[in-house]
Number of protein chains: 2
Amino acid sequence: MAKQRAYSKYAQEAAVLMGEQIKLGRKRRQWTEKNLADRAGISRATLQKIENGEMSSTIGLVFEVAALVGVKLFESEKLPLSKHIEQARDKIALLPQRIKATKKVVHDDF
Amino acid sequence: MAKQRAYSKYAQEAAVLMGEQIKLGRKRRQWTEKNLADRAGISRATLQKIENGEMSSTIGLVFEVAALVGVKLFESEKLPLSKHIEQARDKIALLPQRIKATKKVVHDDF
DNA sequence: TTGGAATGGCTAATATTCTGGTCATTAATT
DNA sequence: AATTAATGACCAGAATATTAGCCATTCCAA
């Protein structure tokens, strides 16, 4: 019995795309499912779910496998991920730390 | 007791970055944690884990929340995700369907 | 300054995933 | 064509995530 949760089309497509990219990366490296699963320290069944774009896999395993086959997360070719994290944190720091149910209309045009 | 799994630095940073982007997107929209959690149909505790970049969250929930706050997955601004999926599948179709332990050296320079 | 809401962190109970195994089918190599 | 490994799919048990609730703390708004 599969989970009865509703996912947006966008989120689902993103998961499918992630799976395809991983499968593509694996095949380019001529790795079998078992081979990649062993490298990632996961079972072959789990890898299959990931490559099939199932929403139930944990993000840690998905990202780990993606990293192993060279899928670029966030397309960050120029900057290292850590720089992106810094930048995101800088932006967050500029915003109020807590959101209170506001009465005033706020113009949020970034 | 936290899970005893080893993750690559790259995968961990990607998860953290994803969490930061979500938190940033949420704050820009002036949504509280509870507000976003309700929209996504998840608990506030889970949302906190996602925003903290914990590797244990399910990719379905992470992508769903990301979509809700407008985080661009795969930076696909030009092409829709579905087009990317097609392209990935086309590339996979060109490769052999199964990988057998090969004797010959293959030049795989894409 | 103060009241109240948002956040951070914890717990036990429940729900779900991950694993390791098996089996059938298919494709690559000889 | 035959052989054999890779893939696809399923299962029960073990491991883990998710939830709902609670409390303490912090910060925004009045």
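Quick caveat: nothing in here was measured; it's all calculated off a predicted structure. Here is how names work: the chains are called A, B, and so on, in the same order as the sequence lines, proteins then strands, and each is numbered from 1.
- The base of D:dT7 does not come close enough to the side chain of A:Lys34 for any donor and acceptor atom to sit less than 3.5 Å apart.
- Atom CG of B:Leu61 is separated from atom P of C:dA15 by 16 Å (rounded to the nearest Å).
- Of the options B:His84, B:Gln87, B:Arg89, a side chain to side chain donor-acceptor pair (under 3.5 Å) to A:Glu20 is made by B:Arg89 and by none of the others.
- When each of A:Thr46 and B:Arg26 is assigned the nucleotide of DNA chain C bearing its nearest heavy atom, the one mapping closer to the 5' terminus is B:Arg26.
- Of the candidates C:dT19, C:dA27, D:dA17, D:dA17 carries the atom nearest the B:Thr58 side chain, counting heavy atoms from C-beta on.
- Atom CH2 in B:Trp31 sits about 15 Å away from atom P in C:dA6, given to the nearest Å.
- Between the CG atom of B:Leu47 and the P atom of D:dT18 there is a distance of 12 Å, given to the nearest Å.
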Trace of the side chain to side chain contact (heavy atoms under 4.5 Å, CB included) decision for B:Phe74 with A:Lys72:
CA-CA 9 Å; B:Phe74 293 98; A:Lys72 288 192 216 60; over 6 Å; no
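- At least one donor-acceptor pair under 3.5 Å links the side chain of B:Thr32 to the backbone N or O of B:Asn35.
- One can place CD of B:Glu33 at 16 Å from C1' of D:dA20, the figure rounded to the nearest angstrom.
- Within residues 48-57 of chain A, the residues approaching DNA chain D are A:Gln48, by heavy-atom distance under 4.0 Å.
- One atom, CD1 of B:Ile59, and another, P of D:dA17, lie 15 Å apart when rounded to the nearest Å.
- To the nearest 0.5 angstrom, B:Tyr7 atom OH is 8.5 Å from B:Gln12 atom CD.
- As a whole-Å value, the separation of B:Leu95 CG from D:dA6 C1' is 15 Å.
- A distance-only check finds a donor-acceptor pair linking the side chain of B:Glu64 to the backbone of A:Ser8 [under 3.5 Å].
- Pairs passing the side chain to side chain donor-acceptor pair (under 3.5 Å) check and including a residue from residues 42-55 of chain B, sequence neighbours excluded, read B:Arg26-B:Glu51, B:Glu33-B:Arg44, B:Glu33-B:Gln48, B:Ser43-B:Thr46.
- DNA chain D is contacted by both B:Ser43 and A:Ile99; B:Ser43 maps to the nucleotide lying nearer its 5′ end (nearest heavy atom per residue).
- Closest to the side chain of A:Lys100, out of C:dT19, C:dA6, D:dT18, is C:dA6.
- One interatomic measurement links the two molecules: CD1 of B:Ile92 to P of D:dG8, which rounds to 10 Å at whole-angstrom precision.
- Closest to the side chain of B:Arg44, from the set D:dT19, D:dG8, C:dG8, is C:dG8.
- A donor-acceptor contact shorter than 3.5 Å links the side chain of B:Tyr10 to the backbone of A:Leu73.
- The NZ atom of A:Lys23 sits 9 Å away from the C1' atom of D:dT7 (whole-angstrom rounding).
- Nucleic acid contact class of B:Gly60 (heavy atoms, under 4.0 Å, all strands): none.
- For A:Ala45 and B:Ala45, each mapped to the nucleotide of DNA chain C holding its nearest heavy atom, the one lying further toward the 5' end belongs to B:Ala45.
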